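What you see is a predicted model, and the numbers here were worked out from it, not measured in a lab.
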2 protein chains.
Amino acid sequence: MDGRGKLLKSKQQADVFGRVRKAHQTEVAEDYVELIADLIAAQGEARAADLAARLGVSHATVTNTVQRLIGAGLVESRPYRSIFLTDAGKRLARVVRERHLIVRDFLVVIGVDAETAENDAEGIEHHVSKETLEAFVRMLRKSTSEG
Amino acid sequence: MDGRGKLLKSKQQADVFGRVRKAHQTEVAEDYVELIADLIAAQGEARAADLAARLGVSHATVTNTVQRLIGAGLVESRPYRSIFLTDAGKRLARVVRERHLIVRDFLVVIGVDAETAENDAEGIEHHVSKETLEAFVRMLRKSTSEG
DNA sequence: CACAAAATTTAACCTAGGCTACATCTTTTA
DNA sequence: TAAAAGATGTAGCCTAGGTTAAATTTTGTG
């Protein structure tokens, strides 16, 4: 417990915050794509109304965001029709889903209850680097081989 | 590895996303307050220019945000003078700093290198619930008593 | 002490991501 | 099949958090 030690250099610290800001910009895209994939898997299609209900936002907000995701090449949709993932969207969804499950299962393994793990994973997952995710996987494997 | 199982109920899932959105709104406040406290501790005062350099944003952005934090009762400042924390701001800074250190040290303990731990902690810390933080502390204690 | 440099404020603008209200299209059903 | 219900789109608005450029205040120095 040595505390934080000396301050980082300004530029270094600015890079850290910059990365976090950048992560924020991708979070919404990741959440939508993940949710669209889940809905398609569970119900055969993803409707804007379902997304709105599950995200807890208005359908107008969903329309806005879906337009941006179309622009980003992650999603396809024709007026008044349901929403599909492009190949890029499907790839992203797969990555996001795997990461989500790893974070959630990791939290459970260290003693967090299942519901809290699900909740916290939703916020944490977007900020977990490749290295940290690998550390999570190692812990998961260890717990499996032990228990 | 059972996957995610059935979909959550819409309302339940909306609550999860709602919590994450709410966390986002507090992140900037937490980052500023934490940084202001660090700067005061290290340099005796917190200037807008320092905040801007360390956050990697323009000084105009800092001015905007500081105005909002003043409105939120976390920060005090007179025109052209440096920035201080209110009592509420100091309390928040203490909580945020402790949580940050726990997350960072926890990541190190599970095998993440120090620099990545510092980077990821900055993003993760805002999304860690009390329960998960307690699980982190337990792991930290275990590693201390073991190693 | 005046003036240049540095810091801060202000103004005008942008995007993301929210909202409500209203218009329009689709689907269901009487 | 026509009207009601439900889903989607559109318009106009808001806040947070960014930007650059120009104005102002403070500070440091010749």
Side-chain angles (χ1 to χ4, degrees), chain A residues 10 14-36 39 43-84 122-123 126, chain B residues 10 14-36 39 43-84 122-123 126:
Chain A
S10 290
D15 288 344
V16 173
F17 284 116
R19 262 190 294 276
V20 175
R21 274 196 302 275
K22 204 166 138 198
H24 278 307
Q25 296 192 320
T26 67
E27 281 187 40
V28 170
E30 292 183 350
D31 286 342
Y32 271 69
V33 158
E34 188 181 7
L35 189 48
I36 290 166
L39 287 171
Q43 310 181 343
E45 64 174 351
R47 311 299 308 250
D50 290 339
L51 287 177
R54 289 184 170 273
L55 292 164
V57 300
S58 71
H59 67 272
T61 296
V62 170
T63 302
N64 278 345
T65 305
V66 165
Q67 286 311 311
R68 240 176 313 116
L69 298 184
I70 290 174
L74 294 170
V75 149
E76 290 171 331
S77 173
R78 294 194 319 289
Y80 298 99
R81 285 285 116 83
S82 62
I83 297 157
F84 302 93
E122 192 58 55
H126 306 287
Chain B
S10 290
D15 289 344
V16 174
F17 284 116
R19 262 191 295 275
V20 175
R21 275 196 302 276
K22 204 167 138 196
H24 279 308
Q25 295 192 321
T26 68
E27 282 187 40
V28 170
E30 292 183 350
D31 286 342
Y32 271 69
V33 157
E34 188 180 7
L35 190 48
I36 290 166
L39 286 171
Q43 311 181 341
E45 63 173 353
R47 309 299 310 249
D50 289 339
L51 288 177
R54 287 183 172 275
L55 292 164
V57 300
S58 71
H59 55 271
T61 296
V62 170
T63 301
N64 279 346
T65 306
V66 165
Q67 286 310 310
R68 240 176 311 117
L69 297 184
I70 290 174
L74 295 170
V75 148
E76 290 171 331
S77 172
R78 295 193 319 290
Y80 297 100
R81 284 284 114 85
S82 63
I83 296 156
F84 302 94
E122 193 57 57
H126 306 286

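Look at CG on B:L55: it is 8 Å from P on D:dG18, rounded to the nearest Å. Between the C1' atom of C:dT8 and the CG atom of B:N64 lies a distance of 12 Å, rounded to the nearest Å. Across the protein-nucleic acid pair, B:K22 atom NZ and D:dT15 atom P stand 20 Å apart, rounded to whole Å. We find that CZ of A:R78 is positioned 14 Å from C1' of C:dT26, with the value rounded to whole Å. The separation between B:D50 atom CG and C:dA6 atom P is 15 Å, rounded to whole Å. Atom CG of B:D31 is separated from atom P of D:dA16 by 16 Å (rounded to the nearest Å). The separation between B:E27 atom CD and D:dT15 atom P is 21 Å, rounded to whole Å. Nucleotide C:dA16 holds its C1' atom 11 Å from the OH atom of A:Y32, rounded to whole Å.
At distances below 3.5 Å, not a single donor-acceptor pair connects side-chain atoms of B:R54 with backbone N or O atoms of B:L39. Listed for the A:R21 side chain is a donor-acceptor partner under 3.5 Å among the backbone atoms of B:L55.
Rounded to the nearest 0.5 angstrom, A:T65 OG1 and A:I70 CD1 are separated by 11.0 Å.
Backbone-only engagement by A:A48 is indicated by non-hydrogen atom pairs under 4.0 Å involving sugar-phosphate atoms exclusively. A:V62 comes within 4.0 angstrom of nothing in the nucleic acid, heavy atoms only.
The residue among A:A29 and A:H59 whose nearest nucleotide of DNA chain C lies closer to the 5′ end is A:A29. The residue among A:T65 and A:P79 whose nearest nucleotide of DNA chain C is located toward the 5' end is A:T65.
Look at B:R81 and you'll find a side-chain N or O under 4.0 angstrom from OP1 or OP2 of D:dT27. In terms of phosphate contacts, B:R47 brings a side-chain nitrogen or oxygen within less than 4.0 Å of OP1 or OP2 of C:dT8. Between B:S58 and D:dT19 there is a side-chain N or O to OP1 or OP2 distance below 4.0 Å.
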Take A:Y32 and A:I83 through the test side-chain contact (heavy atoms from CB on, under 4.5 Å) and record every step on the way to the result. CA-CA 11 Å; A:Y32 271 69; A:I83 297 157; over 6 Å; no
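Between D:dA21, C:dT26, D:dG9, one nucleotide has an atom nearer to the side chain of A:T63 than all others, and that is D:dG9. Relative to the side chain of A:A60, the nucleotides C:dG18, D:dT10, D:dG18 differ in distance, and D:dT10 lies closest. Residue A:Y80 places its side chain closer to C:dT24 than to any other of D:dT26, D:dA11, C:dT24.
Residues B:A53 and A:A14 share a closest heavy-atom pair of O-CB, 3.3 Å.
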